[in-house]
Amino acid sequence: MISVQNLSFSHSSRLIFDDVSFSIMDNAKVGLIGPNGAGKSTLLKILCKMEVPNAGKIEVIGSVGVVPQEVKHDPVMEGCNTIREYLNPEHSKHDFELHKMISGVELSDISLEDSPAALSGGQKTRLALARALLSEPDILLLDEPTNFLDYEGKKWVMGFLANYPKTLILISHDLELLDKHIDKILFVDAHLGKIEEYKGNYTEALEQREEREALLKKQVSLEQRNISRLEESAKKVGVRQRVILQRRVSRLKEKLPDLPPEVRAINFKLPDPANVGGLPLRAVNISKSYGDKKVLDGINLSIERGECVALIGPNGVGKSTFIKILMGLLSPDTGEVQRDYQLKVGYYSQEFENLDFRKTLLQTAMESGGVSEAVARPVLARFLFPASKVGQEIGTLSGGEKTRLSIALLLLSDYNLLILDEPTTYLDVMSQSIILQVLKDYKGAVLIVSHTEDFISELKPSRALILPENYFDIWSEDLLERVSQI
Ligand SMILES: Nc1ncnc2c1ncn2[C@@H]1O[C@H](COP(=O)(O)OP(=O)(O)OP(=O)(O)O)[C@@H](O)[C@H]1O
Ligand SMILES: [Mg+2]
């Protein structure tokens with residue numbers, strides 16, 4: 001059981017939660033939702049005592065297991081010599097149970113004898129998920145557990161969670177996940193610092209929320225009319241009466257509920273990408289094996305100037321290997337990569353390895369784009385970072401905010417090819433649509449890897465390379481289906 005009473009919490013000057021109360025019954029399946037930066041991850045940290053609130057009473061009864069949004073450094077994981085030791089600290093499980101779990105989270109490639117230290121950030125996050133699921137705590141707190149999984153892995157995790165016998169609190173931007181097995185929604189309202197409770201799954205909550213908002217808008221406009229009437233009459237009466245009326249007006253104004261701010265469209269012009277020839281990048285007959293495992297076999301790809309190409313395929317199929325070869329970080333066993341001499345590649349990966357977490361947003365934008373403050377500020381604003389936010393240190397940004405920033409940084413520099421590895425992970429619907437629009441307007445070439453089919457379909461790449469089928473062709477809506485039928 002969880003009970004939260006009168007919780008208030010702020011980060012420096014920003015109030016994240018303002019006198020929030022709610023409770024969660026045993027065995028409830030709760031979806032915790034809200035826009036990027038609203039405070040969802042912060043709430044999980046408060047529940048497992050990793051953050052201390054400014055005020056309020058938090059009661060959590062039962063054992064708690066938590067998997068954060070991204071695992072970079074986990075002291076428990078780092079203290080284990082093998083993956084077996086990490087997954088099975090009490091020696092209560094058989095190896096076959098461990099195997100089942102790690103293959104569920106798409107880590108079948110790793111051995112239980114391996115050291116966790118060598119894993120990538122995405123792999124560490126999935127390993128932490130496997131450990132939490134194995135330990136079956138009374139209260140399982142999951143922060144976007146499907147982020148690093150492809151379609152199959154997602155399905156597996158969803159199936160597992162559907163049968164979870166105890167309390168589950170799940171943060172996700174994945175609507176499918178939030179509609180299947182959830183019976184309560186907590187919505188973090190970033191504008192008011194409140195948490196709203198809804199019965200039912202995501203779709204049901206959304207309907208209730210829309211009704212609530214429409215009602216609120218109606219109330220506000222009635223009140224506003226009332227206020228203007230009073231203000232008009234105040235002009236026509238004597239001094240004493242006027243003072244009384246004005247007092248009433250200001251009392252009414254204070255009580256007027258805040259409506260959510262509409263997002264303004266901000267105009268800004270991106271720097272044009274640097275010059276490049278007609279065929280900036282070409283890869284011919286690329287093959288690569290790790291030991292006796294052949295990952296890539298005779299892959300061909302070409303990208304024309306200004307063209308958008310999608311790279312599609314499940315986890316572990318060699319997409320990252322292929323990208324590393326394209327970038328010249330890894331050499332292929334056969335084949336070659338031909339780059340235009342003016343090619344400048346910008347690269348986005350979900351692990352944010354190029355960000356210096358101690359710098360502020362503004363500093364980073366100016367330095368990495370080589371631009372003045374006057375150029376950096378409107379670009380940051382277009383990516384939903386207002387003036388009040390640009391002085392914040394990058395390390396403290398939420399997952400979605402980091403992604404949004406990384407993409408803003410790429411667009412500020414004069415790259416003529418962007419390679420984007422899963423740019424929609426972490427993003428809420430609003431941020432996704434901003435990134436989509438910006439990429440559509442981008443004049444350089446784009447190579448994009450994504451499991452978010454809607455995003456790819458909207459982006460309308462001109463061609464797609466599908467792995468492992470090794471099928472490179474003109475993009476069309478039904479391409480994915482056709483390939484899966486081969
Ligand atoms: N030390 C800090 N100083 C100022 N602001 C901070 C600090 N730490 C976090 N924040 C801000 O608090 C807000 C809430 O962060 P949180 O990580 O809880 O968001 P979230 O709802 O999980 O978002 P996402 O969906 O992107 O993961 C964010 O806007 C973040 O930038
Ligand atoms: Mg978060």
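Counting starts at 1 for both ligands and their atoms, following the listed order. The figures here come from the full heavy-atom set of this structure, side chains too, leaving out hydrogens, waters and symmetry mates. Nothing here was measured: the structure is a model prediction, and the numbers come from that model.
- Here D138 pairs with K166 in a salt bridge; the nearest charged N to carboxylate O distance falls below 4.0 Å.
- Summary of contacts: the protein heavy atom closest to atom 10 (N) of ligand 1 is H11 CD2, 3.2 Å.
- Distances from ligand 1 to the non-hydrogen atoms of K402 include no value under 4.0 Å.
- Within the coordination shell of the Mg ion (ligand 2), defined by N, O or S atoms under 2.8 Å, T42 is absent.
- Of all protein heavy atoms, the one closest to atom 27 (O) of ligand 1 is Q69 NE2, 2.8 Å.
- A donor-acceptor pair is defined here as one N or O able to donate and one able to accept, closer than 3.5 Å; such a pair exists between the side chain of N54 and the backbone of S10.
- Side-chain polar atoms of S462 and E307 form a donor-acceptor pair below 3.5 angstrom.
- Because the distance cut-off is set at 2.8 Å, N36 fails to qualify as a neighbour of the Mg ion (ligand 2), as none of its N, O or S atoms comes that close.
- Residue A38 has at least one heavy-atom neighbour below 4.0 Å for each of these atoms of ligand 1: 19 (O), 21 (O).
- Side-chain contact annotation: S41 with D143, donor-acceptor N/O pair under 3.5 Å present.
- Remark: side-chain polar atoms of E106 are paired, donor with acceptor, to backbone N or O of D150 under 3.5 angstrom.
- Nearest protein heavy-atom neighbour of atom 30 (C) of ligand 1: E401 OE1, 3.3 Å.
- Between the side chain of T125 and the main chain of V71, a donor-acceptor pair closer than 3.5 Å is present.
- Atom 1 (N) of ligand 1 has T396 CG2, 3.4 Å as its closest protein atom, hydrogens excluded (heavy atom only).
- Atoms of ligand 1 lying under 4.0 Å from any heavy atom of G39, numbered from 1 in the order shown and given with element: 14 (C), 16 (P), 18 (O), 19 (O), 20 (P), 21 (O).
- Taking the ring centre of Y86 as origin, the terminal cationic atom of R131 falls inside the region bounded by 6.0 Å and 45° from the ring axis.
- Given atom 4 (C) of ligand 1, the protein heavy atom at minimum distance is S12 OG, 3.3 Å.
- Nearest-residue assignment for atom 14 (C) of ligand 1 (options S431, G400, G37; heavy-atom criterion): G37.
- When the options I46, L361, T42, I16 are ranked by their closest heavy atom to atom 15 (O) of ligand 1, first place goes to T42.
- Residue-ligand proximity, R14 to ligand 1, at heavy-atom distances under 4.0 Å covers atoms 13 (C), 28 (C), 29 (O).
- Of the possible polar contacts, none joining the K180 side chain to the L178 backbone as a donor-acceptor pair under 3.5 Å is found.
- Atoms of ligand 1 found under 4.0 Å from any heavy atom of H173 (numbered from 1 in listed order, with element): 25 (O).
- For atom 17 (O) of ligand 1, the nearest protein heavy atom (residue, atom name, distance) is S398 CB, 3.2 Å.
- Residue-ligand proximity, G399 to ligand 1, at heavy-atom distances under 4.0 Å covers atoms 26 (O), 27 (O).
- Under 3.5 Å, the side chains of T425 and N147 contain no donor-acceptor pair of N or O atoms.
- Summary of contacts: the protein heavy atom closest to atom 25 (O) of ligand 1 is K40 NZ, 2.7 Å.
- Considering backbone and side-chain N/O of L397, none are found under 3.5 Å from N/O of ligand 1.
- Looking at E393 against ligand 1, nothing comes within 4.0 Å, counting heavy atoms.
- Side-chain atoms of N416 do not come within 3.5 Å of backbone N or O of G444 as any donor-acceptor pair.
- Side-chain N or O atoms of S413 include none that pairs as donor or acceptor with a backbone N or O of Y415 at under 3.5 Å.
- With no hydrogens or angles considered, a side-chain donor-acceptor pair links S431 and D428 at under 3.5 Å.
- In this structure, F9 and H11 have perpendicular ring planes: the angle between them is above 60°, well past the 30° mark.
- Close approach of ligand 1 to Q392 (heavy-atom distance below 4.0 Å) involves ligand atoms 4 (C), 5 (N), 6 (C), 7 (C), 10 (N), 11 (C), 30 (C), 31 (O).
- For the pair K389 and ligand 1, the shortest N or O to N or O distance falls below 3.5 Å.
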